[in-house]
There are 2 protein chains.
Amino acid sequence: MAGALSIFNNMVEYEAPQLNTVFHALGDATRRRMLRDLAGGERTVGQLAEPFSITLAAASKHIKVLEVAGLIRREVRGRLHVCRLDPGPLATAHEWLSVYERFWTSRLDGLERLLREEDAAKPSHPKGDDQ
Amino acid sequence: MAGALSIFNNMVEYEAPQLNTVFHALGDATRRRMLRDLAGGERTVGQLAEPFSITLAAASKHIKVLEVAGLIRREVRGRLHVCRLDPGPLATAHEWLSVYERFWTSRLDGLERLLREEDAAKPSHPKGDDQ
DNA sequence: GCCATCGTCAACCGGTTGGTTGAATAAATT
DNA sequence: AATTTATTCAACCAACCGGTTGACGATGGC
């Protein structure tokens, strides 16, 4: 049943080292744009660098960051370095965030959250249940 | 219909500045652990710092990073700074990642991805459709 | 063989990060 | 009033980040 998704159960906590590099890689707009372009198919290093007004060397560094984070795979074809999206780490990050999904859904979104903010200032709260 | 979720449509591209700070904040295991603790309810700065062998000043900096990323709200009660999770930016990040969801689902997961990797080395691929 | 092209590497630079220490602020306790 | 408790602030540090430049290696076209 579970298939590939079963990998993610209990993977969230243990793969913390991966999360460091993945979230760090995603924390830069240039790299996010590169991933967006790679969602359209394979791209060479030069193609990925083209939208930006940075040197090829700088783009090369960004691509290496994405690569060590496992977000892309590189295949050298002659003198071209062809990059391809690897969605695995994105899925891991998505899965990690999903743990918090209940906080922005199920009667905690929109107006209700604002009301809760007002509420928290008053004495009613007994104590947050300990983790 | 969409309700609070409709906010996120077309928010992904424009709120890029937020994504920078949010993903950066998530790129640190200490801060992720703090968020996990905050998922259990309100925590003071001291309580958040307790699991780590760092100074309170260092923890205070981490908390400020989470705060400017919008991931937590702080409320000063007497001499205690009580922190509370704000799920909004987490939802934004989750939404951003969801754009790539099709890459790890729908016949691109598990074995099929491996086969695709083998496949890409051969001439069959005509050209990735642009964007 | 020659030259242009694609990409990396190494060195450097200013800014940021995560950590420390020590002093400062402010509120609760005595 | 004196002290303890909770937290921030300022200064400092080594490490890292994103960018540049210039040199280098390898491939492909002529």
Side-chain angles (χ1 to χ4, degrees), chain A residues 16-35 37-38 41-69 71-84 120-121 123 127-128, chain B residues 16-35 37-38 41-84 121 123 127-128:
Chain A
Q18 277 253 15
L19 283 177
N20 280 352
T21 56
V22 169
F23 279 130
H24 168 250
L26 296 179
D28 184 284
T30 300
R31 291 191 287 260
R32 286 198 305 275
R33 169 63 188 275
M34 285 177 168
L35 289 179
D37 288 348
L38 285 169
E42 296 178 344
R43 295 288 187 273
T44 68
V45 169
Q47 287 173 329
L48 286 174
E50 192 266 335
F52 309 102
S53 48
I54 58 176
T55 59
L56 203 56
S60 180
K61 282 190 193 176
H62 279 300
I63 291 166
K64 176 156 285 181
V65 170
L66 291 170
E67 196 180 14
V68 304
L71 288 162
I72 69 175
R73 300 289 189 103
R74 181 195 310 243
E75 185 195 342
V76 180
R77 293 184 203 160
R79 63 179 164 179
L80 269 56
H81 292 215
V82 179
C83 300
R84 200 154 23 85
K127 177 78 191 293
Chain B
Q18 276 254 17
L19 283 177
N20 281 352
T21 56
V22 170
F23 278 131
H24 169 250
L26 296 180
D28 184 286
T30 301
R31 291 190 288 261
R32 285 198 304 275
R33 168 65 188 274
M34 285 177 167
L35 289 179
D37 289 348
L38 285 168
E42 297 178 344
R43 295 289 186 273
T44 68
V45 169
Q47 287 173 331
L48 287 173
E50 191 267 334
F52 309 102
S53 48
I54 58 176
T55 59
L56 205 57
S60 179
K61 282 190 194 177
H62 279 299
I63 290 167
K64 176 157 284 182
V65 170
L66 292 170
E67 197 179 15
V68 304
L71 288 163
I72 69 174
R73 301 290 188 103
R74 182 195 310 242
E75 184 195 341
V76 181
R77 293 184 203 160
R79 63 180 165 179
L80 269 54
H81 292 216
V82 179
C83 301
R84 198 155 23 85
K127 177 74 193 279

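We name chains A, B, ... by the order of the sequence lines, and we start the count at 1 in each one.
Side-chain nitrogen and oxygen atoms of A/His81 include at least one within less than 4.0 Å of the OP1 or OP2 phosphate oxygen of C/dT8. OP1 and OP2 of C/dG7 both lie 4.0 Å or more from every side-chain N or O belonging to A/Lys64. Contact check, A/Ser60 against C/dG7: no side-chain N or O comes under 4.0 Å of OP1 or OP2. The side chain of B/Thr55 places no N or O atom within less than 4.0 Å of a non-bridging phosphate oxygen (OP1 or OP2) of C/dG19.
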Before giving the answer on side chain to side chain contact (heavy atoms under 4.5 Å, CB included), spell out for A/His24 and B/Phe23 the whole-Å C-alpha distance, their side-chain angles and the decisive distance to 0.1 Å.
CA-CA 7 Å; A/His24 168 250; B/Phe23 278 131; over 6 Å; no

Quick one, B/Leu71 with B/Val65, criterion side chain to side chain contact (heavy atoms under 4.5 Å, CB included). Give me CA distance, side-chain angles, the key distance, then yes/no.
CA-CA 9 Å; B/Leu71 288 163; B/Val65 170; over 6 Å; no

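Regarding A/His62, its NE2 atom lies at a distance of 16 Å from the P atom of C/dG7, rounded to whole Å. Straight-line distance from the CZ atom of A/Arg74 to the C1' atom of C/dC6: 12 Å, rounded to whole Å. One can place NE2 of A/His24 at 10 Å from P of C/dT17, the figure rounded to the nearest angstrom. The separation between B/Phe52 atom CZ and C/dG18 atom P is 13 Å, rounded to whole Å. Across the protein-nucleic acid pair, A/Glu42 atom CD and C/dC6 atom P stand 17 Å apart, rounded to whole Å. A straight line from CD of B/Glu67 to P of D/dT7 spans 13 Å, rounded to a whole angstrom. What separates CE of B/Met34 from P of D/dT7 is a distance of 11 Å, to the nearest Å. One can place CG of A/Leu48 at 14 Å from P of C/dC6, the figure rounded to the nearest angstrom.
A salt bridge between B/Asp28 and B/Arg32 is absent, with no side-chain N of the basic residue lying under 4.0 Å from a carboxylate O of the acidic one. One finds no salt bridge joining A/Glu42 and A/Arg74 here, because no Lys/Arg side-chain nitrogen approaches an Asp/Glu carboxylate oxygen to under 4.0 Å.
In this structure, A/Arg31 contributes its side chain and A/Ala25 its backbone to a donor-acceptor pair below 3.5 Å. Under a 3.5 Å cut-off, the side chain of A/Arg73 and the backbone N or O of A/Arg84 do not form any donor-acceptor pair.
Looking at the side chain of B/Thr44, the nearest of the listed nucleotides D/dT7, C/dT8, C/dG19 is D/dT7. Checking C/dG19, D/dA6, D/dG19 against the side-chain heavy atoms of A/Thr30 singles out D/dG19 as nearest. Closest to the A/Lys61 side chain, of the nucleotides C/dA11, C/dT17, C/dT20, is C/dA11. In this structure, the nucleotide among C/dA11, C/dT20, D/dT7 sitting nearest to the side chain of B/Leu80 is D/dT7. Comparing D/dG19, C/dT8, D/dG18 against the side chain of A/Ala58 picks out D/dG19 as the nearest.
A/Leu56 comes within contact range of at least one nucleobase, with a heavy-atom separation under 4.0 Å. When heavy atoms are screened at a 4.0 angstrom cut-off, A/Ala59 is found touching no nucleic acid atom at all.
If A/Arg31 and B/Val82 are placed on DNA chain D by their nearest nucleotide, the residue sitting closer to the 5' end is B/Val82.
Between the base of D/dT7 and the side chain of B/Arg79 there is no donor-acceptor pair shorter than 3.5 Å.
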